[in-house]
A.B. asks: 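Here you go, one structure.
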Amino acid sequence: VQLQASGGGLVQAGGSLRLSCAASGRTFSSYTMGWFRQAPGKEREFVAVINPSGVITYYQDSVKGRFTISRDNAKNTVYLQMNSLKAEDTARYYCAADLSYTRVKLSTPDYWGQGTLVTVSS
């Protein structure tokens with residue numbers, strides 16, 4: 001599975017962005033998808049995960065109520081809608097995929113995209 005993230009940019013605090021991650025391959029609907037982020041000088045951290053059907057989602061506490069993960073299996077794409085952005089959301093955001101929901105939730109998925117940079121100005 002090859003993953004291509006896009007949609008990052010510069011936004012003011014309180015604003016919104018939607019990230020997209022396009023996946024190659026014909027088995028996208030079999031994969032659990034996740035979003036992760038890495039801020040400068042910090043380790044990469046889990047943000048959100050969505051199961052293959054899109055019914056089950058789970059979020060890091062700091063983004064609950066502000067971020068929404070979703071997917072369109074017909075378009076082989078997963079999204080991360082980010083609202084009420086804060087300066088501490090500044091990071092490079094990565095999408096990831098794995099056949100195992102647990103592996104994504106535990107931040108050990110098999111496949112990673114290249115990342116897209118989100119900068120939130122305060």
Side-chain angles (χ1 to χ4, degrees):
V1 177
Q2 291 185 324
L3 305 171
Q4 180 74 38
S6 61
L10 175 63
V11 63
Q12 289 187 335
S16 299
L17 278 177
R18 188 176 81 155
L19 306 183
S20 299
C21 175
S24 65
R26 293 176 289 180
T27 59
F28 175 77
S29 60
S30 299
Y31 284 83
T32 289
M33 302 296 297
W35 285 98
F36 298 79
R37 66 187 181 185
Q38 186 168 20
K42 295 187 178 180
E43 294 187 353
R44 186 161 53 191
E45 63 178 1
F46 166 83
V47 175
V49 60
I50 188 166
N51 78 324
S53 68
V55 172
I56 299 173
T57 58
Y58 180 80
Y59 300 89
Q60 180 201 110
D61 285 347
S62 68
V63 307
K64 284 180 181 177
R66 300 189 298 121
F67 290 11
T68 302
I69 188 171
S70 62
R71 66 190 295 160
D72 185 337
N73 286 343
K75 295 182 178 180
N76 281 14
T77 302
V78 63
Y79 305 98
L80 186 68
Q81 178 67 43
M82 305 186 295
N83 298 329
S84 301
L85 282 161
K86 305 175 181 179
E88 51 263 43
D89 294 319
T90 294
R92 182 167 293 276
Y93 284 71
Y94 299 86
C95 59
D98 199 285
L99 291 173
S100 164
Y101 178 88
T102 299
R103 285 176 58 84
V104 176
K105 192 175 177 184
L106 294 178
S107 302
T108 57
D110 279 344
Y111 304 99
W112 293 90
Q114 88 292 354
T116 185
L117 183 62
V118 173
T119 303
V120 183
S121 63
S122 56

A.B. asks: Does M82 share a hydrophobic cluster with Y59, counting links as ILVMFWY side-chain heavy atoms below 4.5 Å and allowing steps through other members?
C.D. replies: yes

A.B. asks: Measure from the side-chain N and O atoms of S29 to the backbone N and O of N73, and report whether any donor-acceptor pair falls under 3.5 Å.
C.D. replies: no

A.B. asks: When rounded to the nearest 0.5 angstrom, what is the spacing between CD in Q114 and CZ in R92?
C.D. replies: 8.0 Å

A.B. asks: Enter the distance from L85:CG to S122:OG here, rounded to the nearest 0.5 Å.
C.D. replies: 12.5 Å

A.B. asks: Distance-only, no hydrogens or angles: does the R71 side chain make a donor-acceptor pair with backbone N or O of N51 under 3.5 Å?
C.D. replies: yes

A.B. asks: Scan residues 10-20 for pairs that pass side chain to side chain donor-acceptor pair (under 3.5 Å), counting only residues two or more places apart or in two chains.
C.D. replies: S16-N83

A.B. asks: For a quick test of reading the model, state the closest non-hydrogen atom pair linking G7 to T116 and the distance between them.
C.D. replies: N-OG1, 4.0 Å

A.B. asks: Any chain of hydrophobic side-chain contacts (each under 4.5 Å) joining F28 to Y111?
C.D. replies: yes

A.B. asks: Do V78 and V49 belong to the same hydrophobic cluster, where Ile, Leu, Val, Met, Phe, Trp and Tyr are linked whenever their side-chain heavy atoms lie under 4.5 Å apart, directly or via other members?
C.D. replies: no

A.B. asks: Okay, side chain of T27, backbone of S30: is any donor-acceptor separation there less than 3.5 Å?
C.D. replies: no

A.B. asks: Other residues, nucleotides and ligands only: do more than 12 of their heavy atoms fall within 6.0 Å of CD on E88?
C.D. replies: yes

A.B. asks: Which distance, rounded to the nearest 0.5 Å, do you find between the CG of L10 and the CG of L17?
C.D. replies: 9.0 Å

A.B. asks: Are the side chains of T77 and C21 in contact, using a 4.5 Å heavy-atom criterion?
C.D. replies: no

A.B. asks: Hey, can you pull the donor-acceptor pairs under 3.5 Å for the side chains in residues 63-70, sequence neighbours left out?
C.D. replies:
from : atom 1 : to  : atom 2 : distance (Å)
K64  : NZ     : D61 : OD1    : 3.0
R66  : NE     : S62 : O      : 3.4
R66  : NH1    : S84 : O      : 3.0
R66  : NH1    : D89 : OD2    : 2.7
R66  : NH2    : S62 : O      : 2.9
R66  : NH2    : D89 : OD1    : 3.0
R66  : NH2    : D89 : OD2    : 3.4

A.B. asks: Using the rule that two of Ile, Leu, Val, Met, Phe, Trp, Tyr join whenever any of their side-chain heavy atoms come within less than 4.5 Å, decide whether W112 and F46 are in one cluster.
C.D. replies: yes

A.B. asks: Does the N76 side chain pair with the main chain of A22, one donor and one acceptor, at a distance under 3.5 Å?
C.D. replies: no

A.B. asks: Going hydrophobic residue to hydrophobic residue with side-chain gaps under 4.5 angstrom, can you get from V47 over to V11?
C.D. replies: yes

A.B. asks: Quick one: does any side-chain atom of T90 pair with a main-chain N or O of V120 as donor and acceptor, under 3.5 Å?
C.D. replies: yes

A.B. asks: Do M33 and Y31 have side-chain heavy atoms sitting under 4.5 Å apart?
C.D. replies: yes

A.B. asks: Keeping Q4 on the side-chain end and G113 on the backbone end, is there a donor-acceptor pair under 3.5 Å?
C.D. replies: no

A.B. asks: What's the separation between atom CD1 in I56 and atom OH in Y101, rounded to the nearest 0.5 Å?
C.D. replies: 6.0 Å

A.B. asks: Can you check whether I50's main-chain N or O pairs, donor with acceptor, with T57's side chain at less than 3.5 Å?
C.D. replies: no

A.B. asks: Taking only residues two or more places apart in sequence or in another chain, which ones pass side-chain contact (heavy atoms from CB on, under 4.5 Å) with Q38?
C.D. replies: R44, Y94

A.B. asks: I need the F36 CZ to L80 CG distance, nearest 0.5 Å.
C.D. replies: 11.5 Å

